[in-house]
Amino acid sequence: MPLKALDIYKLLPKKNCKECGDPTCLTFAMKLASGKGDVTKCPYLDEDAKVVLGASTRPPIQLVRVGVGELRFGVGDEFVLFRHEKTFYHPTALMISVSDRWTADEIRVQTRRVASDHLVRVGADLRLNGIAIRNDSGSPEAFGKAVAAVEETATHLPEVLMATDPAAQEAGLASCGHFRPLIHAATMETYPAMCGLAKKFGCPLVISAPDLATLSDLSKRCTAEGVARLMLDVSPSSLADYIPAATLIRRLAICRAQPEFGYPVFLDATRYGNQDTAIALGILKYASVIATETLPPATLRAALTLRQNIYTDPQKPIQMNPGLYPIGSPGKDAPVLMTVNFSLTFFTLQGYLESARVPCYMLIVDTEGLSVLTAVASGKLNETLVKESLKRFDVGSSVTHRKLIIPGYASPLSGRIEEETGWKVLVGPRDAAEIGEYLAQEWKS
Amino acid sequence: MTDGGSDWSGKIGEVVLGATAADGGTRKVSYRVGGDDDLPFLGGCTSGHRPLVAYEICDDPGLWPQIVRDYCGDLVNDPASWSKAAEREYGADLIRLSLTSTRRRGFSDFAALGKTVHDVLHATGLPLIIEGSNDPQIDSEVFQQCGEAGQGERLLLGTAEAGRYRSVAAAALAYGHGVIAQSPIDINLAKQLNILLKEIGVPLDRVVIDPYTGALGYGFEYSYSVMERIRYSALKGDQDLQVPMISAASDSLNIKEVREAEPAIRDEMAVRWEFYAALPAIVAGAAIVVVRHPGTVKALRDAVEKMWPGEVTANAAQGA
C-alpha cells in the first residue's frame, strides 16, 4: 500500500540538508508520497529505509521507453483506473507487423508505409508508432535479416522484436540492439537468457505467461535478474479474458498492492481472429503497446481517432477559436449561423452544413467551450456577447443582409439579441441534423 | 494474490424489451437488458445480459445519411421491408424506427405514424424502439399514435428530455411501454431526469438512459466517460442511475471522414466509424447500441460473440 507523506518522513534522516534538491525533508517526503520523487536522491538513507521506500514511492506503473530519437515513445506512468478520475497520459503505441518469412522487398514496403502513414485531426498529428518484427520462420538467421531490412529502411522507427528463441533475439539485436527495441518475450523457460540480452543491450523486456500467478512470479524473477524495464503480456486465451486480466493488473498496480504488476501491458492483437475488437479493447482497457497486422485505411483512421479520444483529458472542454468561419465559398447574401465554441458543437454543425451544400458563414462566439444548452442556462451566451462578436469579426462587411440564424436551444434569447444588435434573428433547429432542411426551406436572403 | 476488486453495493435493474405471445404481444423474442452487478465484462455472464445491437431505420429517408440510402437502395422507402431486411439479412437484435417524417416543418399526418409502426411490427418479430418527434408541440399526438399502435408489444419509446418528457411518459404508461431518457452528456442531468420520470409515475424498470453519444472524434471522449461514470455510480449504490444505458452515435455517418472517404472505401469507413464508437460504448456499459450501416451490425455481433463469455443468446427472456 502507498505510504503517506508523514510515514515516509519518519524514515528520512530529517537533516534538511537540501542535497536532494528539496528545501526540507518534509517536502521531499511529500514528493515521494505523490510518486513524483526519486528516493535515490537522498544520500543519507540507510539501506532498510531504501528498500521500504523504493517499493512504495516509484510511480505505480513504471515508465518504459522504446526506441531512440524523435519517434521514441514512453508508455506506462499511469495513475488511474478511469480516465475521468484524472486522465490517461501515455497513449497506446500501435506497432505494425512484418514477418521474417517475407521477402526483403515486402518488409521494406511495409516499413516505409508505417513510417509515412499519419493523419492530422483537430491540430494533432496522429501516427503509428513502429514495427513489430516476427520470427515466424523459427530461424535466427532469417530473423536477423528481417530486422536488418527494417533497419536499412527506417533506422529511426521503434521496433518490437517478437521471437521466443533467445538465439533469434540475439541475431536481431545484433543489428538494432543499440536503438532500444522492445524484446518480446521472456517466458518461464527463457527468462535467464532473455534477461541477459535485455541487460546487454539496455532494452525493455516483455514477459509473457499463461496466467497472472505465473506472470507475477516471472516479473519478480526478472527484476531479481536486474531488469528494471518490463512490460506484461497477459496472453489471454480469448478476448473474453482480456478485460478482466488487464483490469486486475491495472488495479493491483495503481494501489501498489503488487509492485510486480507495476509495468505497462502488451497486447498482441493478431491472435484472436478479430483484430478490430482486440485493438479497441486494448486502447480502452490499459494496453500500452499493441502489435497488429497491417491496418486497412478505414481501421487506421478509426483506431487512431479512438486512441486520441481516450487519451484526451476528459475534464477539459475542447474549444474552437471564436471567429467567422466560411463553409464553401459564401457570397454577400449567404446565411450566417451563430453557435458556441464547444468543439463538439462546432464540428457537428460544420459536418451537417458541409453536407447541406449551402455556402454560408458560421459565427463562433466565445462561450469558453460550453455547449449551447449550458451556455444559455449559465448566462454565458447572451445578447452582449453576440453583439460584440458580430462587431469583433466584422460580420457586417462579409454579408449585405442583417439576418442571424441562432441555435434552437438559444431561442429564449432571440428577442434580446434582435434589440441589442439590430439584426433580425431567425431561430434554427435544435438538432444540427436538420439544418440542411431548415436552410432549404427557410433561408431567403 | 489478492484480487484487488471493488465491492459494489448496487446493481443495474432489468428492463424487458418486447412482448412475446406469452406476455400478450406478437414479438418472436423479448430481451432483458441490465442486471449487471459489476463493471462491464468483469463479472462474466452471471453479471448482466449480453449487449444488444439495434439497427436504425426511418420513415423519411430524405433526412437520412446518403451512404445508407446508397447502400440499402429502395428499401429505405419502405420501413416494413427495411425492418425485415434488418432482421433477416443484417442480423440485428432489435429495430429502432426513427420517425424522421415528424421533423419536417408543419408535419401533421399523425395517422400515418400509427400505420408505419403497425406495418413494421407486422414485418418483423424483433422488439422495437421508436424515436418519435423532437418538437414539444407535436409530441403528444406523435407518442399517442405510436404508443397505441404498439399496445402490448412492450416498445421502447424515445426520447424523454428534461424539458419534454410528459408526453412520451404518458404514452408509455398508458400502453405499457418503456422510455428512453436522454440527457446531454452529464451524469447529474441523467439522474435528475430519472427522478422527474419517477415522480410522474414511470417506474425505473421501464427506463433506459441515453447519455447522448457524440461521434468518434466529435465528442465521443465525453460520452465514453459519462457512461463509465453512470455505471460506476449505479454500482456504488445510486439507485436513480441503476438502469441500463442505450448508446447511439447518430452523427457518425455525417462526419467528414465518412463523407470524404474515397468511394472504394466509403462503406468500410462508415462501418469502422460506427464500430469504433459502439464497441467502446459497450465496454463503458451500454446495454444497447444503435447503428445505421448494415455492415456495422455484423461487425458488432462478431465482436460481442468474441467478448461475451456465455451463450450469445443468453438474454432472451422468451426464446423464439
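Numbers restart at 1 for each chain; the letters A, B, ... are given by sequence-line order, proteins then strands.
- Both the backbone and the side chain of A:A303 have a heavy atom closer than 4.5 Å to some heavy atom of chain B.
- Distance check: A:R301 CZ to B:E268 CD gives 14.0 Å after rounding to the nearest 0.5 Å.
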Could you go through B:N254 and A:Y352, starting from their C-alpha distance and side-chain angles, then the distance that decides it, and tell me whether this counts as side chain to side chain contact (heavy atoms under 4.5 Å, CB included)? CA-CA 7 Å; B:N254 284 87; A:Y352 283 107; 3.3 Å; yes
Starting from the C-alpha separation in whole Å, work towards a yes-or-no answer on salt bridge (charged side-chain N to carboxylate O under 4.0 Å, His left out) for A:E354 and B:R259. CA-CA 9 Å; A:E354 282 175 355; B:R259 279 196 332 268; 2.6 Å; yes
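- Using a 4.5 Å cut-off between heavy atoms, A:E85 does not touch chain B at all.
- With a 4.5 angstrom heavy-atom cutoff, B:P280 touches chain A via backbone and side-chain atoms both.
- The parts of B:L216 that come within reach of chain A are both its backbone and its side chain, each placing non-hydrogen atoms under 4.5 angstrom from that chain.
- Options A:E442, A:Q441, A:Q350, A:K285 differ in how many heavy-atom pairs under 4.5 Å they form with chain B, and the most are formed by A:E442.
- For the atom pair CD1 (A:I279) and CG (B:L279), the distance works out to 11.5 Å, reported to the nearest 0.5 Å.
- Heavy-atom distances place no part of B:L300 under 4.5 Å from chain A, backbone and side chain included.
- Looking at A:I243, the atoms closer than 4.5 Å to chain B (heavy atoms on both sides) sit in the backbone and in the side chain alike.
- The candidate with the highest count of non-hydrogen atom pairs below 4.5 Å against chain B, out of A:D241, A:T299, A:D431, A:T348, is A:T299.
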For the pair A:T305 and B:F220, evaluate side chain to side chain contact (heavy atoms under 4.5 Å, CB included) and give the outcome as yes or no after the intermediate values. CA-CA 10 Å; A:T305 304; B:F220 180 73; over 6 Å; no
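- Here the straight-line distance linking atom NZ of B:K306 with atom CG of A:D276 works out to 12.5 Å at 0.5 Å rounding.
- Neither the backbone nor the side chain of A:Y242 has a heavy atom closer than 4.5 Å to any heavy atom of chain B.
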